[in-house]
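Here's the structure, in structure tokens; my notes come after.
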Amino acid sequence: MKTATQSASSIVLQLDRVTKRIGKKTLVNDLSFTMSKGEIVGLLGPNGAGKTTTIRMIVGLISMTEGDIRIGDYSIRDNFEKAIRHVGGIIENPEFYSYMTGMDNLKQYMRMSEGVTEARIMEVSKLVGLELALDKKVKAYSLGMRQRLGIAQALLHNPSVLILDEPTNGLDPAGIREMRGYMKEIAEKEGIAVLVSSHLLSEMEQMCSRVVVIQEGKLVTVRSIGEEKQSEPQVTLSLQVSNVEKTTELLKGQAGVKVEKESGAGNGRIHITLQHEEIPSVVKALTNAGVDIYRLEELKSTLEDEFMKWTEGNRIA
Ligand SMILES: Nc1ncnc2c1ncn2[C@@H]1O[C@H](COP(=O)(O)OP(=O)(O)OP(=O)(O)O)[C@@H](O)[C@H]1O
Ligand SMILES: [Mg+2]
């Protein structure tokens with residue numbers, strides 16, 4: 001009970017049946033999801049799925065046609081200014097004065113926003129690893145450094161939700177890895193909920209605890225990453241054995257073991273699904289019956305496979 005109450009109260013972003021129509025086109029269709037404090041969530045979908053449109057609505061750049069978004073305790077519809085105060089984000093490439101230093105850019109922003117201090121500038125700069133580059137002119141910054149300066153700026157006013165639209169676009173692998181690290185720190189140290197959009201599942205898997213998958217503006221699924229898979233009691237194994245026919249015959253008689261697929265005669269492969277605890281007895285039974293096992297591998301349906309299935313046939317190149 002306690003956890004239920006806690007999780008309800010730690011929700012910092014809530015999309016409630018959000019729809020965006022422009023003319024006859026529905027860009028976002030009845031989309032609902034929530035995010036809790038300190039969580040990194042991926043907004044995942046192929047090109048044209050509606051990620052940027054969703055993000056624009058969350059940061060208040062465009063209006064919703066239907067539904068509502070709550071940030072902290074405030075509804076964007078009823079209390080726009082208060083709601084928006086709790087969100088920070090980078091939508092397109094952040095614009096900076098390139099002839100000025102990173103520090104001067106942040107100070108410029110500080111002058112325009114209420115309650116931001118120099119101490120906060122130092123704090124956010126450290127958080128994104130820019131403290132040693134603050135005195136450099138922005139024109140000398142790499143793309144990754146500019147991105148991080150953008151994140152620093154978005155964090156200055158202490159938002160509870162940070163929204164980043166494809167933050168790793170154009171970064172090299174080292175830059176992507178760095179960005180990942182900074183996001184995790186932001187989420188952990190500041191307890192900020194970070195929503196990151198991407199069309200690359202592999203990238204999301206490495207930084208998010210959950211992914212919200214959308215396609216053609218609609219919610220496809222919300223998935224936790226990591227934990228669920230490990231606790232799954234059923235496993236699918238691929239076995240390479242000296243006698244496929246005999247193996248099939250033996251295993252078809254075993255309760256709780258499902259033969260999924262066979263290939264080859266004699267020496268060949270067989271796929272079976274069974275409970276984790278049953279594996280030793282199956283191996284013993286085969287060995288006792290004179291079947292040699294050359295390979296035994298777990299077949300994992302990766303989230304990538306599932307993602308391809310969800311978005312199958314609807315990919316826009
Ligand atoms: N102002 C607009 N008027 C009409 N249609 C639009 C407008 N903006 C976007 N769209 C369309 O809405 C759909 C969703 O666009 P959106 O930019 O949100 O997708 P996305 O998921 O961010 O895609 P990408 O991965 O390419 O960035 C697309 O089909 C796009 O062409
Ligand atoms: Mg986009």
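Counting convention: from 1, in listed order, for ligands and their atoms alike. Along the sequence shown, residues are numbered consecutively beginning with 1. Only heavy atoms go into these numbers, but all of them, side chains included; no hydrogens, no water, no symmetry mates.
- Only protein N, O or S atoms were considered, and those under 2.8 Å from the Mg ion (ligand 2) are Thr52 OG1.
- Of the possible polar contacts, one joining the Lys20 side chain to the Ser63 backbone as a donor-acceptor pair under 3.5 Å is found.
- At least one N or O atom of Gly50 sits closer than 3.5 Å to an N or O atom of ligand 1.
- In this structure the side chain of Val222 reaches within 4.5 angstrom of the side chain of Arg210, judged on heavy atoms.
- Which parts of ligand 1 touch Lys25 is read off a 4.0 Å heavy-atom cut-off, strictly below it: atoms 11 (C), 12 (O), 29 (O).
- For the residue pair Thr273 and Gln234, no side-chain donor N or O sits within less than 3.5 Å of a side-chain acceptor on the partner.
- Paired with Leu15 under the rule side-chain contact (heavy atoms from CB on, under 4.5 Å), one option of Thr34, Ile69, Leu219 passes, and it is Ile69.
- Glu203 and Thr168 form a side-chain donor-acceptor contact under 3.5 Å, judged by distance and modelled atom types alone.
- For the pair Ile22/Thr53, no side-chain contact is recorded, criterion being any heavy-atom separation below 4.5 Å from C-beta on.
- At a 4.0 Å heavy-atom cut-off, ligand 1 touches Thr52 through backbone and side chain alike.
- Note: an N/O pair closer than 3.5 Å links Thr53 and ligand 1 by distance alone.
- Judged by distance alone, the side chains of Asp165 and Ser197 do bring a donor and an acceptor atom under 3.5 Å apart.
- Looking only at distances, no side-chain donor or acceptor of Arg70 sits under 3.5 Å from a matching main-chain atom of Ala83.
- Taking distance alone, with nitrogen or oxygen atoms compared against 3.5 Å, Ala49 approaches ligand 1 more closely than that limit.
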Requested in this report: Run the numbers on Glu278 and Lys258 for salt bridge (Lys or Arg N to Asp or Glu O under 4.0 Å), then give the verdict.
Outcome: CA-CA 12 Å; Glu278 297 295 325; Lys258 203 168 139 208; over 6 Å; no
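- Counting atoms of ligand 1 from 1 in the listed order, those under 4.0 Å from a heavy atom of Ile22 are 1 (N), 2 (C), 3 (N).
- Set against the non-hydrogen atoms of Glu166, the atoms of ligand 1 under 4.0 Å away are 25 (O), 27 (O).
- Closest heavy-atom approach to atom 28 (C) of ligand 1 within the set Pro46, Gly48, Gly217: this belongs to Gly48.
- Considering Glu260, Arg295, Arg269 in turn, Arg269 is the only one that fulfils the side chain to side chain donor-acceptor pair (under 3.5 Å) rule with Ser238.
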